Amino acid sequence: MEIEAVCTVRLHSNGLATRSAVHVDGQETSASESAFAAHEAEIDLEPGEHVVALCCRSLSSMVPPSRPRARWRSSLVPDRRLRWLRTPLIGRIPWAGTAPVIGPWAGLEMTPIDEHEVRIRHVRTRMLEDGHGVVSIGLSSRECAVVHVSCAGAARTLRIGSGETTAELRVADPELWWPSTHGDPVLHALVLEVDDRQTEVRRVGFRTICAERDHGAFRLMVNGQAVFARGAVWAPVDPLDLDGSGEGVDQTVRLLVESGVNLLRVPGTDAYASPALMEACDRHGAMLWQDTPLASVDPPEDETWLQDLAAETEQWARRLGEHPCLAVWSGGSENYQQAVLSGRAPQVWTSTALETTIPRAVRTGAPDLVYVANSPMGGAPPTRSDTGLSHYFGVGAYRRPLSDAVTSGVRFAAECLAFGCPPDPATIDEAFPDLGAHGSGDSWSRWRRDGARDPGASWSFEEITQHYARELLGPPPPRGVPREDEVPPGPVSDRPVCSPEQLSAERWTVEHVMTQVLGQWRRADSSCDGAIVLASRDLAPGPGWGLIDAHGRPKAGLRGFAAACARTALVLLDHGLDGLHVHVFHDGPERLRGQVDITTITAQGGPGPSAQVGVDLAGPGEQVIPVEPELGGFLDITGAWGFGAAAYDGVDVELVPEADSETAGHALRASFLRPGAHGITNR
C-alpha cells in the first residue's frame, strides 16, 4: 500500500475468520477470538509504502475447555471445538459447494480520515402511537460542527460538540415500509449535511412489527396487519463469498420477491446478513429473519464466553437493525431440537445464552424486533408442529402423505419442504453435459455428490422427491435392460440414471407438492401463519434444495411456490370427499375484480362442463369456489368416491382481472390432473 502524504487512516472490518489479528508494518492494530467481532483502528501513516498483514489462525490452534462437557452432541457440526469458537458453520458442515470461512468474510476497508469528519454511527427509526415517526441518529465528530439533518419532509439544524451525540428527528405521518406482498416497500432518504462540506445519505424505512402468540400461534403483524409470511431459508449466492456481490444478491432477492416471497431467514448455520442482502430486502420488500450463528450445539455457560456473545449480538443487532426489513431475531437454529432428539429432559437443556444473553443484547441494539429463543420453539417439546415454530418435514424427509401438512396442524413452519429438485435442462446441459440414461460415471458421481443430503443420512433428498413422484404418478414399470437408443419408460425410474422423463417427473412433483401444501397453509381457515422453504438457492449444481439453481435460474420449486404464494394467486385444492375447490388469494391493498373460467377435460380428452364465476375482493382476502356445484352437480373429478371408471381427467381454471380493475394485468391459470390421467407424465 502506497501513501503519498502524512495521513491518518481508519482500518475497519466487520469480521475476520476465525481467530485473527491485523498488523500494519509489523505492529498489531487489533485482534479477536471471534469471526463476528469488528476490527477497527486509527493509524497514523508517513509517506511511503506500508504493509497490511492479516493473521488468521487455524482451528487446530484452539484448545477449548474440556469442562464442563456439552450436555448433548451435535449431529450437524462434527468438530466439538465449534461449540466454543465463534465462526460461521457453513463450510464446517459437510455440504456440497462449501468450504470453511477464512479471512475478511465481512469485508476489510482502509479509508483516510478527514480532521473535520462527522460520522453517522448508527440509525434507528420507530413509530409513535399518533402515527408520527422518529429517526434517531448516533453521530460522532472530531470537533464542534453544525449539522443539518433531513428526512421525509422533516428537517433540523443543530450544533454538536466533539465526541458522540444522538440527534432525533420527528417525521409527520411518513409513508410506511411494507413487505411487497402487502404494499410498497417505501424508503426515505436520510440526508446529513455538515457545514456545506460533507453530505451523507442513508435509506431508512418506517414500520411496526410484532408477533401474536396466543394459543400457540406465531402470527407476524406488520403495521397492524396480519401477514401470512412465506419465504425461504437464505443460502449464499456464492457459498465461498459470504459478503456477496451486490448484483448477484439483488437479482436473487428480486426473483424471489417476484414469486411471492416476503420473508428470508438467515439460518444459524450461516453468518450475519451482508449489507448487500439487507439493502436488497429493504429495496424489494422482503422481511428478514436473522438467526444468531449458533446451530444445534449446546451453548457454553462460561461467563467470559457469554460476555463476548452479548457484545457480538448487540453490535450486529444495532447494525442490522438500521434496516426496516429486519423483523425477527432468533437465538439460533435447532439447539433445543438437538437436545430433544438426543433424549435430554427439558430441565437439562435450558440455556443462558438463548434465554437471557442474546435477547437482552437484541433489545439494546434493536428493541423493536420480534425475538424467539430458538427455531424450532414454542411447543412442549419444541419439535411439535401444532404449537409455535416448527421445522416441519412430515411432507418431505419423513415421507408422510400430503394430507399430513393439514392434519399436523402446523402453526408456523420456520423450515419446511426440503426436496432434492433437478435444475432445468439448460443448467444440466452446462454442468453435466454427458448426464443421461447412459451418462458417464463421472457425471453420475458428481450428480450424487452435489445433491442435497443431510450429514449422516443414508439417503439423498432427491430420493425423497422420487418417493413422492411414485406416490403421485404411480410406480415405475418393471426393470428391464434398454437398448442403446432407448430411454427407460415410465414416469420415475428406480435405477441410477437421469432420463429426461425421470427428471421431468421429479420437477413436476416438486412443483405440485409446493403448490398444494403452501396453498393449504395459506387458506383463511388454516391454522398456519407462515412457511419458510428450505432453501432459496442451490449451493452447487445438481438436485439441491434451492428454489433457484446454482447458476441463478428458477427451478420447478419456485414455480410451485409462486403459484400458491404470489401476491394474487389462483390455486386448485383437493378437499377430499367435498371435491375440488378454487381458491383465489389476494394480499394487496387494491381491489381485485375479475372472472374465473372453469373448464373440464373428459377421460376421452374432450371438453366437459364449464362455468364462469365472478371474483370481487375489496382488499386482502380469499374467495373460495367449490367447483362441482358451479358445474351443475356431482362429478367426482378427483376420484375420491371411486364409483366406476373415472369420467374426467382434469380441470383448468383461469382468473382474468377486469380491464379497469386496479389489478388488471396478466391472467392467472391453474390445473388439476387426476393421477394417471393422459399427459400427466409430460408436465
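Any value given below was found using the heavy atoms of this structure, including those in side chains, with hydrogens, waters and symmetry copies removed. Note that the structure is predicted; figures quoted are calculated from it, not measured.
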Subject >> For F393, all residues meeting ring-ring contact (aromatic ring centres under 6.0 Å, His included), sequence neighbours excluded >> reply: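 Not a single residue meets the ring-ring contact (aromatic ring centres under 6.0 Å, His included) criterion with F393.
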Subject >> Non-neighbouring partners of F561 that pass ring-ring contact (aromatic ring centres under 6.0 Å, His included), sequence neighbours left out >> reply: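 None.
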Original post:
Applying side-chain hydrogen bond (donor to acceptor under 3.5 Å, both in side chains), which residue pairs with at least one partner in residues 410-421 are found, sequence neighbours left out?
Top reply: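 Those involving residues 410-421 are R265-E415.
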Subject >> side-chain hydrogen bond (donor to acceptor under 3.5 Å, both in side chains) contacts touching residues 597-606 (sequence neighbours left out) >> reply: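 Only Q595-D597 qualify under side-chain hydrogen bond (donor to acceptor under 3.5 Å, both in side chains).
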Original post:
Restricting to pairs with a member in residues 514-536, which pass ring pair (Phe, Tyr, Trp, His ring centres under 6.0 Å), not counting sequence neighbours?
Top reply: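 Of all non-adjacent pairs touching residues 514-536, those that pass ring pair (Phe, Tyr, Trp, His ring centres under 6.0 Å) are Y392-W521.
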Original post:
Do any pairs count as a ring pair (Phe, Tyr, Trp, His ring centres under 6.0 Å) and have a residue in residues 593-639, sequence neighbours left out, and if so which ones?
Top reply: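 Only F634-W641 qualify under ring pair (Phe, Tyr, Trp, His ring centres under 6.0 Å).
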**OP:** Anything under 30° is parallel, anything over 60° is perpendicular, the rest tilted; go ahead and classify H581 against H575.
**Re:**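 Ring orientation of H581 relative to H575: parallel.
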Qualifying residues under salt bridge (Lys or Arg N to Asp or Glu O under 4.0 Å), relative to [X], sequence neighbours excluded:
| X | result |
| --- | --- |
| D270 | none |
| R213 | none |
| R399 | none |
| E258 | R254 |

Subject >> Set of side chain to side chain donor-acceptor pair (under 3.5 Å) partners for E511, sequence neighbours left out >> reply: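 E511 satisfies side chain to side chain donor-acceptor pair (under 3.5 Å) with no other residue.
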Check residues 226-234 and write down every donor-acceptor pair under 3.5 Å in which the side-chain atom is one partner and the other belongs to a residue at least two apart or another chain.
unit_1, atom_1, unit_2, atom_2, d
R230, NE, G260, O, 3.3
R230, NE, C565, O, 3.1
R230, NH1, F228, O, 2.9
R230, NH1, D587, OD2, 2.7
R230, NH2, C565, O, 2.9
R230, NH2, D587, OD2, 2.8

Subject >> Steps toward side chain to side chain donor-acceptor pair (under 3.5 Å) verdict (W447, E462) >> reply: CA-CA 10 Å; W447 181 265; E462 188 185 19; 3.1 Å; yes
